[in-house]
Amino acid sequence: MSQTVDRALSILPLLAEGPADLGRVADHLGVHKSTALRLLRTLHEHGFVYRQSDQHYRLGARLIALAQEAMENLDVREIAHPHLVRLNETCGHTVHLAVHEDDEVLYIDKVESRYPVRMYSRIGKPVAITVAAVAKLLLADLPESERRAVAEKLDYPLYTARSTPGADAFLKELAKVREQGWATDLGGHEESINCVAAPVRDAGGRVVAAMSVSAPNVVVTADELLTLLPLVRRTADAISGEYSGRTPVQSPVPAPAHSPVPPSAQPPAHQPDKERS
């Protein structure tokens, strides 16, 4: 029975590549056509496979509907949160998770920094879309025509001298982010705040969320924060793997016994919070 189930399930990835006739399915499984036909008939009865008029088989609507339902019921925040906590325990800095909804990029989770100087950001609050690293990742994943349409209707506030000045510069930055697969905000929203971010992808490779590590430069410099990029990307990859079902749950960032930031880089406890939007 287990061999029968295994063979039946092996048909689905083949048909995901495109319609196939009975002979190709049989060859793929290494079985006689009669065996392949029995498997296809069973899958067809359950709606997982559909037989076309040309006698080729393709994935059925029932399978696609089940996949869509499963994706809609996935909560990326619930999946990501333990990974964000482990990353925060490792580096000590503020960790955010954001999504793109209704023309805005919103924070949906946050793990606070362990340092006295913290960033004022709230779950559910929109980010500064033209400069935030998480926003760049989410918008960079849009098709080119959509990216251009979004860029051309945005306003471009000059928060600092490093803020994105206009649509052309923004599109150029998005193209760069799309190619390299990560993003930064190095003083673009506030001169004293730096951020590195990486994408969370679904099974099809689409960016469904973006996560980031941010810190004031009184705690770590921009260059020091950039050294955390491999760690941030590994964490994002782990979340992506669990979200898409490609890999088992695992932590790529075991928490160290001590802070990776030297005591000399830690600000005094009496300093006020930094504003962050």
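Along the sequence shown, residues are numbered consecutively beginning with 1.
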### Query
Would you say the side-chain atoms of T90 pair up with the backbone N or O of R86, donor to acceptor, closer than 3.5 Å?
yes
### Query
If you look at every heavy atom in L228 and C91, which pair is closest and at what distance?
CD1-CB, 3.9 Å
### Query
Does the pair R147 and R178 meet the rule for a side-chain contact (heavy atoms from CB on, under 4.5 Å), with working shown?
CA-CA 11 Å; R147 293 202 306 270; R178 186 183 179 93; 3.2 Å; yes
### Query
Can E45 and R62 be counted as an ion pair, charged N to O under 4.0 angstrom?
no
### Message
Would you say CG of D168 has more than 12 non-hydrogen atoms from neighbouring residues, nucleotides or ligands within 6.0 angstrom?
### Response
no
### Message
Using a strict threshold of under 4.0 Å (side-chain N to carboxylate O), is an ion pair present between K136 and E173?
### Response
yes
### Message
I want to check something: taking the side chain as every heavy atom from C-beta on, are H96 and S121 in contact at a cut-off of under 4.5 Å?
### Response
yes
### Message
Could you report the tightest heavy-atom contact between V76 and L97, atom names first, then the distance?
### Response
O-CD2, 4.2 Å
### Query
Are D21 and V25 close enough, and set up right, to give a side-chain contact (heavy atoms from CB on, under 4.5 Å), and what steps lead you there?
CA-CA 6 Å; D21 62 15; V25 173; over 6 Å; no
### Within-4.5 Å side-chain heavy-atom neighbours: H93 and Y115
yes
#### Entry: From F48 atom CZ to L40 atom CG, the distance as rounded to the nearest 0.5 Å
13.5 Å
### Query
Do V232 and S212 come close enough that some side-chain heavy atom pair is under 4.5 Å?
no
### Minimum heavy-atom distance C195-L225, with the two atoms named
N-CD2, 3.6 Å
### Query
Between E78 and P82, what is the shortest heavy-atom contact and its length?
O-CD, 3.4 Å
### Query
Under a 4.5 Å side-chain heavy-atom rule over Ile, Leu, Val, Met, Phe, Trp and Tyr, are V85 and L87 clustered together?
yes
### Heavy-atom neighbours of E179 CD exceed 12 at 6.0 Å
no
### Task
To the nearest 0.5 angstrom, please state how far the CG atom of N194 sits from the OG1 atom of T221.
8.0 Å
#### Entry: Approximate separation, where rounding is to 0.5 Å, of D6 CG and S2 OG
7.5 Å
### Query
Would a line drawn from the ring center of H44 to the ring center of Y57 be shorter than 6.0 Å?
no
#### Entry: Lys/Arg-Asp/Glu bridge criterion (N-O < 4.0 Å) met for R162, D185
no
### Query
Quick one: does S240's side chain have a donor or acceptor within less than 3.5 Å of a partner on A236's backbone?
yes
#### Entry: Donor-acceptor under 3.5 Å (S192 side chain, P216 main chain)
no
### Message
Side chains of V208 and V99, heavy atoms from C-beta outward: is any pair under 4.5 Å?
### Response
no
### Query
Do L106 and L138 share a hydrophobic cluster (ILVMFWY, side-chain heavy atoms under 4.5 Å, transitive)?
no
### Message
One pair to check against side-chain contact (heavy atoms from CB on, under 4.5 Å): T4 and L39. What are the steps and the verdict?
### Response
CA-CA 8 Å; T4 301; L39 295 172; 3.7 Å; yes
### Message
For Q55, is the CD atom crowded, meaning more than 12 foreign heavy atoms sit under 6.0 Å from it?
### Response
yes
### Query
Within the distance-only criterion (no hydrogens, no angle test), does the side chain of T160 pair as donor or acceptor with the backbone N or O of H189 below 3.5 angstrom?
no
### Query
To the nearest 0.5 Å, how far apart are CG in D27 and CG in L14?
10.0 Å
### Message
Test of understanding: clusters of I, L, V, M, F, W, Y form through side-chain heavy atoms closer than 4.5 Å, transitively. Do V200 and V95 belong to the same one?
### Response
yes
### Query
Would you call H46 and T42 a side-chain contact if the rule is heavy atoms closer than 4.5 Å?
yes
### Task
Determine, stepwise, if the pair V131 / Y159 fulfils side-chain contact (heavy atoms from CB on, under 4.5 Å).
CA-CA 9 Å; V131 292; Y159 303 105; 4.0 Å; yes
#### Entry: Side-chain ion pair, K110 and E112, N-O less than 4.0 Å
yes
### Task
Please examine the side chains of R58 and L15, heavy atoms only from C-beta on, and report whether any two atoms are closer than 4.5 Å.
no
### Message
With a sphere of 6.0 Å drawn around CD of E144, does it hold more than 12 non-hydrogen atoms of other residues, nucleotides or ligands?
### Response
no
### Task
Check the hydrophobic clustering (I, L, V, M, F, W, Y; side-chain heavy atoms under 4.5 Å; chains of links allowed) and say if V134 and V177 are grouped together.
no
### Residue pair L84 / I239, side-chain heavy-atom distance below 4.5 Å
yes
### Query
What's the shortest heavy-atom distance between A209 and V207, and which atoms?
O-CG1, 3.3 Å
### Task
Kindly compute the distance separating CZ (R24) from CG (L29), expressed to the nearest 0.5 Å.
11.5 Å
### Message
Keeping D202 on the side-chain end and R206 on the backbone end, is there a donor-acceptor pair under 3.5 Å?
### Response
yes
#### Entry: Exam field: side chain T164 to backbone T130, donor-acceptor pair closer than 3.5 Å
yes
### Message
How long is the straight-line distance from CG of L12 back to CG of L43, given to the nearest 0.5 Å?
### Response
6.0 Å
### Query
Got a donor-acceptor contact below 3.5 angstrom from the Q52 side chain to the D54 backbone?
no
#### Entry: Nearest atoms (heavy-atom pairs only) where P157 meets S163
O-CB, 3.7 Å
### Query
Same cluster or not: are I11 and L22 linked, directly or through other Ile, Leu, Val, Met, Phe, Trp or Tyr residues, by side-chain heavy atoms under 4.5 angstrom apart?
yes
### Within 6.0 Å of CZ in R233, more than 12 heavy atoms from elsewhere
yes
### Residue pair I129 / L154, side-chain heavy-atom distance below 4.5 Å
yes
### Query
OH of Y156: more than 12 outside heavy atoms within 6.0 angstrom?
yes
